[in-house]
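Notes to accompany the following structure.
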Amino acid sequence: MTKLSVNINKIATLRNSRGGNVPDLLKVASDIEGFGTQGITIHPRPDERHIRYQDARDLKNVVTTEYNIEGNPIKSFMDLVLEVKPTQVTLVPDAVDAITSNAGWDTITHQSFLQEVIKEFQKNGIRTSIFIDTDKKLIEAAAKTGADRIELYTEDFATQFGLGNKDVVKPYTEAAILANKLGLGINAGHDLSLDNIQFFKENIPNLAEVSIGHALIAESLYLGLENVVNMYLHRLK
């Protein structure tokens, strides 16, 4: 079974937009686990515009399933992860001003850097994953870094699948087959949704985990809207 890790960045964005502590990020994380998810993902960025570094610390005492922290391994991020010691760290080459993740690692150019970073995390008992595109040479280079897993960057899949192009999954299938041969576990994330997740899962051998945030929160907002509106109307009768 492929595990679902829910990215709760959007909950933090909503909280921060109003100030205060509504919605309560820690309670949401705990509730999501109670609904059956197998993991919680956060992606703190240096400007703390959604997840704050203190959130990462506080969640350590709340998350009872797998705890995944994503981010660019700059010093402040590395210090945070080594302090919190989550189940998994996912290395993402984000620019400081990136709105969302928009590229995987060039594991050839940055191989020695990634080797050093990964060695440090693994020394502290933290599973490592590299956010990556489907280029086979990059996946081969990722294996040489010593990483435990890769996370396939699925934006192109989601975009093309939405346009009706099911063949777009083929490079992801081939990438997963290669990763399996190289001993890498396979995660995936970015723009996966209720519309495309089943097809993706069925075509990716040994898919260990998906990390889903934006779509899942947006879908939850809409699919739950009728229920909440009716609850208000009931109370106002």
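- Nearest heavy atom pair, residue Thr87 against residue Glu66, reads OG1-CA, 3.5 Å.
- Using a cutoff of 4.0 Å between basic side-chain nitrogens and carboxylate oxygens, Glu120 and Lys123 are scored as salt-bridged.
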inquiry  = side-chain contact (heavy atoms from CB on, under 4.5 Å), that's the test. Do Leu91 and Phe121 meet it? Break it down for me.
reply    = CA-CA 11 Å; Leu91 307 178; Phe121 286 137; 3.8 Å; yes

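- The pair Lys170-Asp167 counts as a salt bridge, with a side-chain nitrogen and a carboxylate oxygen less than 4.0 angstrom apart.
- One side chain, Glu155 or Tyr153, offers a donor N or O that lies under 3.5 Å from an acceptor on the other.
- No donor-acceptor pair closer than 3.5 Å links the side chain of Asn165 to the backbone N or O of Phe161.
- Counting heavy atoms of neighbouring residues, nucleotides and ligands inside a 6.0 Å radius, atom NZ of Lys181 does not exceed 12 of them.
- For the residue pair Arg45 / Asn72, no side-chain donor-acceptor distance below 3.5 Å is found, with atom types taken as modelled.
- Among residues at least two apart or in separate chains, side chain to side chain donor-acceptor pair (under 3.5 Å) pairs with a member in residues 132-151 are Gln122-Asp148, Thr128-Asp148, Arg149-Asn187.
- Between Phe157 and Phe200, the ring-plane angle classifies as tilted under the 30° and 60° cut-offs.
- Between the side chains of Asn7 and Thr41, not a single donor N or O lies within less than 3.5 Å of an accepting N or O.
- Asp58 contributes no side-chain N or O that, together with a main-chain N or O of Asp55, makes up a donor-acceptor pair within less than 3.5 Å.
- Environment of NZ in Lys85: crowded, with over 12 heavy atoms of neighbouring residues, nucleotides or ligands closer than 6.0 Å.
- No donor-acceptor pair under 3.5 Å is formed between the side chain of Glu83 and the backbone N or O of Arg57.
- Atom-to-atom distance recorded for Phe77:CZ and Glu70:CD is 8.0 Å, nearest 0.5 angstrom.
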Just do the side-chain contact (heavy atoms from CB on, under 4.5 Å) check on Glu174 and Leu178 with the steps written out, would you?
CA-CA 6 Å; Glu174 292 171 1; Leu178 175 60; over 6 Å; no

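- With hydrogens and angles disregarded, no donor-acceptor distance shorter than 3.5 Å links the side chain of Thr173 to the backbone of Ile204.
- Every side chain to side chain contact (heavy atoms under 4.5 Å, CB included) that Leu59 has, sequence neighbours left out, goes to Ile8, Leu25, Leu26, Ala29, Ile42, Val63, Tyr67.
- With no hydrogens or angles considered, a side-chain donor-acceptor pair links Gln88 and Glu209 at under 3.5 Å.
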### Task
Dump the intermediate steps for side-chain contact (heavy atoms from CB on, under 4.5 Å) on Leu223 and Leu194, then the final yes or no.
CA-CA 12 Å; Leu223 293 173; Leu194 286 174; 4.0 Å; yes

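- The NZ atom of Lys75 sits 11.5 Å away from atom CG of Leu80, with the distance rounded to the nearest 0.5 Å.
- Between Trp105 and Leu114, some side-chain heavy-atom pair lies under the 4.5 Å cut-off.
- Between atom CG of residue Asn196 and atom NZ of residue Lys166 there is a gap of 11.5 Å, rounded to the nearest 0.5 Å.
- Remark: the Asn68 side chain and the Ser5 side chain contain no N/O donor-acceptor pair separated by less than 3.5 Å.
- Using modelled atom types, no side-chain atom of Asn21 and backbone atom of Asp24 make a donor-acceptor pair closer than 3.5 Å.
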